[in-house]
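First the structure, in the form of structure tokens, and then the observations on it.
As the structure is a computational prediction, the values presented were derived from the model and not from experiment.
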Amino acid sequence: DISEEMIKKAIANQTPSHLFVSIAESLPFKDNSFDRVLSREVIEHVIEPQKMIFEISRVLKPNGISVVTTENEESLSPKNFYAMRVKKRLAQSLGISLPKPRFKDKSPNLGEMRQFIQNAGLTLVEYFWDGALYKFLLRLTRQDKKLTKFKITKLAHWFSCLENHPQLSFWFCDQAKYIVRK
């Protein structure tokens, strides 16, 4: 992790791992060190995502596998809808500027990820859209007390169908997962 504070929290939680403070674009490991590399929700915060993918390639052993997950900022999730449409338009109509983010938070899209992976000499084995829009059902129940357990169950099933549909999952899942091989 780049954050010493997060490492301290992991140690306090007795995480059964070896922990290092480092940046993703310059990993402190020898070439061909790992059979597997997992990167969860990191690439969207990295200044140079291509360098991060090069580093994953460098530390992976031949035939090693990496899973990289990130947000799917192109989905129709309520968070994206608010951030991309409502927040910006509201600020414009009020004539105010939004504060600059304190850290980078921009996920690469599928085309960018394909290019990063190819440039690093890796092979994209599989990618899929994942994430749970049904988690927003709890917010709906707080707002509408008339929703019964039966209606919630039907809504959860409907959301699940959207998230698992091959052509619709891109729009209804808030995460992207990429599986790559060296």
As a quick check of understanding, evaluate side-chain contact (heavy atoms from CB on, under 4.5 Å) for R58 and L27, giving each step before the final call. CA-CA 9 Å; R58 183 184 67 75; L27 298 173; 4.0 Å; yes
V180 and side-chain contact (heavy atoms from CB on, under 4.5 Å): which single residue from I53, I117, V37 fits? I117
Can you tell me how far CG of D35 sits from CG of N63, rounded to the nearest 0.5 angstrom? 9.5 Å
Measure the spacing between OG of S107 and CG of N72 and express it to the nearest 0.5 Å. 8.0 Å
Identify, with sequence neighbours excluded, every residue that meets side chain to side chain contact (heavy atoms under 4.5 Å, CB included) alongside S93. L90
For the atom pair CG (N109) and CD (E112), what is the distance rounded to the nearest 0.5 Å? 4.0 Å
Any residue meeting side-chain hydrogen bond (donor to acceptor under 3.5 Å, both in side chains) with N13, in chain and number order, not counting sequence neighbours: none
Tell me every residue that passes side chain to side chain contact (heavy atoms under 4.5 Å, CB included) with E41, counting only those two or more places apart in sequence or in another chain. E44, T69, E71, Q175
Taking atom CD of E55 and atom CE of M52, what is their separation to the nearest 0.5 Å? 10.0 Å
Test log, rule side-chain contact (heavy atoms from CB on, under 4.5 Å), inputs R181 and L60: CA-CA 9 Å; R181 183 180 298 279; L60 266 178; over 6 Å; no
Ring pair (Phe, Tyr, Trp, His ring centres under 6.0 Å) with F34: which residues, sequence neighbours excluded? F29
Roughly how far, to the nearest 0.5 Å, is the NZ atom of K106 from the OG1 atom of T70? 9.0 Å
Tracing side-chain links under 4.5 Å among I, L, V, M, F, W and Y, which residues wind up in one group with I2? I23
Any link between F54 and L122 through a network of hydrophobic side chains (Ile, Leu, Val, Met, Phe, Trp, Tyr) touching at under 4.5 Å? no
Which residues, ordered by chain and number, are linked to L38 in its hydrophobic cluster, where ILVMFWY side chains connect at heavy-atom gaps below 4.5 Å, directly or through other members? I65, V67, V125, F128, I179
Any F116 side-chain heavy atom under 4.5 Å of L124 side chain: no
So, taking the atom named CD1 in I43 and the one named OH in Y178, what distance separates them when rounded to the nearest 0.5 Å? 8.5 Å
Residue list, side-chain hydrogen bond (donor to acceptor under 3.5 Å, both in side chains) with S66, at least two apart or on another chain: none
Running the 4.5 Å side-chain criterion over Ile, Leu, Val, Met, Phe, Trp and Tyr, what cluster does L19 land in, apart from itself? I7, I11, V21
Who passes side-chain hydrogen bond (donor to acceptor under 3.5 Å, both in side chains) against R40, sequence neighbours left out? none
For E48, the salt bridge (Lys or Arg N to Asp or Glu O under 4.0 Å) test, sequence neighbours excluded, returns K51
Test item: Y127 and R114 side chains (from C-beta on) under 4.5 Å apart, heavy atoms: yes
Counterpart residues, side chain to side chain contact (heavy atoms under 4.5 Å, CB included), relative to N32 (two or more places apart): K61, P62, K182
List the residues meeting side-chain hydrogen bond (donor to acceptor under 3.5 Å, both in side chains) with N119, not counting sequence neighbours, and say none if there are none. Q50, Q115
What are the two closest heavy atoms between S57 and A120, and how far apart are they? OG-O, 3.0 Å
